[in-house]
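As structure tokens, the structure follows; a few thoughts come after it.
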Amino acid sequence: MSLPRRLAFIDVESTGAHPVRDRITEIAILRVEDGVLVDRWESLVDPGMPIPALIQQVTGITDDMVAGAPSFEALAEHVQALLADCVFVAHNARFDFGFIKNAFGRIGRAFDARVLCTVKLSRALFPEHHRHGLDALIERHGLHCGARHRAMGDTEALWQFVKMAQAQFAPDVIARAAERAMKAPAQAPGLPE
């Protein structure tokens, strides 16, 4: 098989771009095993802080929408079960992984996973293109995104991208590209992990 057997496609929306200071407002996960979608889940999340007006405009997620939503702590058990034994797949994965790791950390739980960034995967498979943001992938590959900048819409677009890539490239090409996309960046000596 060209990709790891268990993948969790994930996207989070948040109150901002900083995973330590900002909070999750929405999360969506598609769990895929052996190329088959086995679970589809999404939830709004009460961030416990106001959502800035600009973020509300971009995502369409308002303070009123998250007012009655569960906290991340209330969802943590289910999120952890969906992500268990999976490669964490996200677009610009550092962002989503940072938010999930910090959300678990705030409730006293450790979280770690192997990570596959679909930006890096796209760069490895389509080096002739300069833009690899999600909007560029949607336009270039004719992907359907029911709700851009909403967690499930973006997650479904990623799953479509990976399926399209698997149909277009030989398994060994996908495997090499995924291996490159999953490689941890070099770390400067002396810095804590």
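Reckoned from all heavy atoms, side chains included, excluding hydrogens, waters and symmetry mates.
The 12-atom threshold is exceeded at CD of Q80, counting heavy atoms of other residues, nucleotides or ligands nearer than 6.0 Å. For E179, the CD atom sits in a loose shell: 12 or fewer heavy atoms of surrounding residues, nucleotides or ligands are nearer than 6.0 Å.
A distance-only check finds a donor-acceptor pair linking the side chain of D154 to the backbone of H149 [under 3.5 Å]. Formation of a donor-acceptor pair under 3.5 Å by the R6 side chain with backbone atoms of R31 is not found in this model. In this structure a side-chain-to-backbone donor-acceptor pair under 3.5 Å is missing from E42 to A151. Panel note: side chain R23, backbone R21; a donor-acceptor pair is recorded below 3.5 Å. Using a distance-only test at 3.5 Å, with no hydrogens or angles considered, no donor-acceptor pair links the side chain of H129 to the main chain of R131. The backbone N or O of A74 sits less than 3.5 Å from a side-chain atom of S71, completing a donor-acceptor pair. Although no hydrogens or angles enter the test, the distance criterion places a donor-acceptor pair under 3.5 Å between the side chain of H91 and the main chain of H132. In this structure a side-chain-to-backbone donor-acceptor pair under 3.5 Å is missing from D11 to T155. Judged by distance alone, with hydrogens and angles left aside, the side-chain atoms of Q160 form a donor-acceptor pair with the main-chain N or O of H144 at under 3.5 Å.
Residues S122 and L137 approach most closely at OG-CD1, 3.6 Å, considering heavy atoms. The two residues M152 and L30 have their closest heavy-atom pair at SD-CD2, 3.8 Å. Residues C145 and G153 share a closest heavy-atom pair of SG-O, 3.4 Å.
Between L83 and I100 the shortest side-chain heavy-atom distance falls below 4.5 Å. Residues I51 and M65 are not in side-chain contact: their nearest non-hydrogen atoms beyond the backbone lie 4.5 Å or more apart. Between V87 and M182, the closest side-chain pair of non-hydrogen atoms falls below 4.5 Å. By the 4.5 Å heavy-atom criterion applied to side chains, H78 and P70 are not counted as neighbours. Q166 is listed as a side-chain neighbour of S2, based on a closest heavy-atom distance under 4.5 Å. When side chains are defined from C-beta on, L3 counts as touching L116, because their heavy atoms get closer than 4.5 Å. Counting heavy atoms from C-beta outward, I61 and R150 have side chains that approach closer than 4.5 Å. By the 4.5 Å heavy-atom criterion applied to side chains, V45 and T25 are not counted as neighbours.
Among F95, F97, F9, the single residue meeting the ring pair (Phe, Tyr, Trp, His ring centres under 6.0 Å) criterion with F88 is F97.
Hydrophobic clustering of Ile, Leu, Val, Met, Phe, Trp and Tyr side chains at less than 4.5 Å, counting indirect connections, unites F169 with M164. Linking ILVMFWY side-chain heavy atoms closer than 4.5 Å, directly or via other members, places L7 and L158 in a single hydrophobic cluster.
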Q: Give the C-alpha distance, both sets of side-chain angles, the deciding distance and a yes or no for side-chain contact (heavy atoms from CB on, under 4.5 Å) between W41 and L75.
A: CA-CA 11 Å; W41 176 82; L75 299 170; 3.9 Å; yes

Q: Dump the intermediate steps for side-chain contact (heavy atoms from CB on, under 4.5 Å) on I138 and R148, then the final yes or no.
A: CA-CA 10 Å; I138 289 167; R148 184 70 178 96; 3.9 Å; yes

Q: Could you walk me through whether T118 and V89 pass the side-chain contact (heavy atoms from CB on, under 4.5 Å) test, one step at a time?
A: CA-CA 7 Å; T118 50; V89 183; 3.7 Å; yes

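L37 CG to K163 NZ: the interatomic distance, rounded to the nearest 0.5 Å, is 7.5 Å. For the atom pair NZ (K120) and CG (N92), the distance works out to 9.0 Å, reported to the nearest 0.5 Å.
Taking the six-membered ring where tryptophan is involved, the planes of F126 and F161 are tilted, since the angle between them lies from 30° to 60°.
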